[in-house]
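Naming: A, B, ... by sequence-line order, numbering from 1 per chain. Keep in mind the model is a prediction, meaning the values are calculated, not measured.
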2 protein chains.
Amino acid sequence: MDKSDTRQRIIEAARRIFLQKGMAGTRMQEIADAAGINKAMLHYYFRSKEQLFKLVFAEAVKEIFPKVEKALAGDLPIREKLLAFVRAYISQIREHPFVPLFVIHELSNRPTEFFMEPEKSGAPQKMLQKLMQEIIHAQQRGEIPDYPPQHLWVNILALSIFPFIARPLIQQLLQMDDKAFERFLEERTAQVARFLDQALRIA
Amino acid sequence: MDKSDTRQRIIEAARRIFLQKGMAGTRMQEIADAAGINKAMLHYYFRSKEQLFKLVFAEAVKEIFPKVEKALAGDLPIREKLLAFVRAYISQIREHPFVPLFVIHELSNRPTEFFMEPEKSGAPQKMLQKLMQEIIHAQQRGEIPDYPPQHLWVNILALSIFPFIARPLIQQLLQMDDKAFERFLEERTAQVARFLDQALRIA
DNA sequence: GTCTATAACATGATAGAC
DNA sequence: GTCTATCATGTTATAGAC
């Protein structure tokens with residue numbers, strides 16, 4: 001078994017377990033078992049648990065921070081652009097449903113520097129600021145209601161992400177089994193789009 | 001120092017730390033320090049870490065599962081009722097901002113039985129089913145758009161809870177410092193109400 | 001009820017043979 | 001590169017004095 005393969009298997013196993021149990025809840029032994037190797041190998045490829053965690057975490061952050069830039073980059077009208085974002089973002093999260101809760105949980109009680117080099121102020125942030133301007137301009141032209149842009153943006157994020165974060169809570173409250181929840185998720189994109197579209201109509 | 005006082009101090013310290021760091025991330029030593037006693041006392045009052053955790057967790061669950069039944073109980077028109085819920089729920093979460101993320105995180109990867117005696121199907125669930133019926137009836141009377149009730153309910157929950165769960169993410173993305181985020185939260189109730197109100201208007 | 005001391009075990013990390 | 005064996009430390013929990 002050549003080097004890169006083992007290394008890759010470790011990363012994948014670590015990702016799976018870290019995402020579900022978090023840094024504090026994960027045991028190196030469990031990662032080793034899942035990767036089909038032993039603990040010593042983990043420390044051979046990655047010096048420490050923290051280093052392995054940082055690798056997994058950094059990848060997860062990239063997935064949760066809107067890298068859905070394609071949807072936001074074009075010059076569509078604002079309504080279509082926001083709807084396109086919802087579709088692209090929900091689609092992406094569906095492929096990695098554990099990422100949002102993992103990132104948010106690990107982000108809590110950690111200094112900013114841990115997950116972001118302070119040099120670059122971040123591409124997603126800049127793209128968002130540009131979007132905020134577009135929203136304001138569209139509002140000035142009377143194309144959408146004048147919600148404060150930050151609230152509008154949080155609303156869109158909330159509608160898109162929340163079901164994946166709060167799955168156990170939702171299933172309990174609405175008495176859905178796993179199959180019912182899967183159906184719910186399949187409908188989700190269309191339903192969020194419709195709800196948002198309605199909220200963006202001019203009074 | 002009489003018994004109930006020490007016991008209470010332990011519970012409060014445990015709550016504070018469990019809520020922020022979760023079960024796996026919490027050390028009994030830290031709880032003892034926060035309560036101003038030593039570890040042995042924790043085991044004197046509560047047999048084990050798990051038992052202490054279950055106590056804290058059960059209390060938190062009661063706070064996150066809509067105990068805002070007053071807002072849902074009356075016979076207001078459906079729009080007013082939903083808006084009243086939003087106001088009551090956000091207000092309650094603001095008093096315990098760490099509860100939602102804590103409950104959701106600990107709920108993940110735990111069997112249902114852990115947090116809910118299977119006998120009683122749960123007051124919140126029944127109240128919600130009743131609300132679902134009210135929504136359907138209001139839709140049949142053409143008072144609000146015919147969003148599937150489950151999606152509408154999740155949307156309302158998402159708009160209300162998400163900012164508290166995703167605070168670090170939001171602050172990073174929107175470049176808010178703590179003061180800016182506090183202001184954001186103060187505006188939140190009104191903004192969610194407005195957004196929801198708009199989404200509930202008849203086309 | 002409260003403390004100190006310590007047992008019993010789990011866990012991250014390393015040494016060294018192959 | 002991979003393994004076994006082991007160290008060093010941390011953590012839950014208990015024993016026993018006061």
Side chain of [X], backbone of [Y]: donor and acceptor closer than 3.5 Å?
{"X": "B:Arg15", "Y": "B:Val56", "answer": "no"}
{"X": "A:Glu63", "Y": "A:His96", "answer": "no"}
{"X": "A:Lys81", "Y": "A:Leu72", "answer": "yes"}

Do the ring planes of B:Phe85 and B:Trp153 sit parallel (below 30°), tilted (30 to 60°) or perpendicular (above 60°)? tilted

Establish, from distance only, whether the side-chain atoms of A:Gln171 and A:Asp178 form a donor-acceptor pair under 3.5 Å.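 Their side chains do contain a donor-acceptor pair, which is all the 3.5 Å distance test asks for.
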
Counting only side-chain nitrogens and oxygens, does [X] get under 4.0 Å of the OP1 or OP2 atom of [N]?
{"X": "B:Thr6", "N": "C:dT2", "value": "yes"}
{"X": "A:Tyr44", "N": "C:dT14", "value": "no"}
{"X": "A:His43", "N": "C:dT14", "value": "no"}

Pick out which of A:Phe184, A:Phe195, A:Phe162 makes a ring pair (Phe, Tyr, Trp, His ring centres under 6.0 Å) with B:His151. A:Phe184

CZ of B:Phe98 to CZ of B:Phe164: how many Å apart, nearest 0.5 Å? 11.0 Å

With side chain to side chain contact (heavy atoms under 4.5 Å, CB included) as the test, would you mind laying out the steps for A:Gln172 and B:Gln125 before giving the verdict? CA-CA 8 Å; A:Gln172 271 301 313; B:Gln125 285 84 345; 3.7 Å; yes

Near DNA chain D, which residues from residues 15-29 of chain B have a heavy atom under 4.0 Å away? B:Thr26, B:Arg27, B:Met28

Nearest-Å distance for atom pair [atom1]/[atom2], residues [X] and [N]:
{"X": "A:Leu52", "N": "C:dA13", "atom1": "CG", "atom2": "C1'", "value": "14 Å"}
{"X": "A:Ile10", "N": "C:dG12", "atom1": "CD1", "atom2": "C1'", "value": "15 Å"}
{"X": "A:Glu30", "N": "C:dG12", "atom1": "CD", "atom2": "P", "value": "10 Å"}
{"X": "B:Arg47", "N": "D:dT14", "atom1": "CZ", "atom2": "P", "value": "8 Å"}

Please report the C-alpha distance between A:Phe18 and A:Phe102 in whole Å, then the side-chain angles of each, then the deciding distance to 0.1 Å, and finally whether the ring pair (Phe, Tyr, Trp, His ring centres under 6.0 Å) criterion is met. CA-CA 8 Å; A:Phe18 274 135; A:Phe102 168 70; 7.2 Å; no

Terminal helix-axis angle for the helix from C:dG1-D:dC18 to C:dC18-D:dG1, with five pairs defining each axis and rounding to 10 degrees: 10°

Shortest non-hydrogen separation from A:His43 to A:Ser48 and the atoms involved: CD2-CA, 4.3 Å

So A:Arg27 and A:Lys49, do their side chains get closer than 4.5 Å, heavy atoms only?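 They are in contact (side-chain heavy atoms under 4.5 Å apart), so the answer is yes.
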
Which atom pairs link the protein and nucleotides 3-7 of chain D when you take only N or O atoms and keep those under 3.5 Å?
residue : atom : partner : partner atom : Å
D:dC3   : O5'  : A:Asn38 : ND2          : 3.2

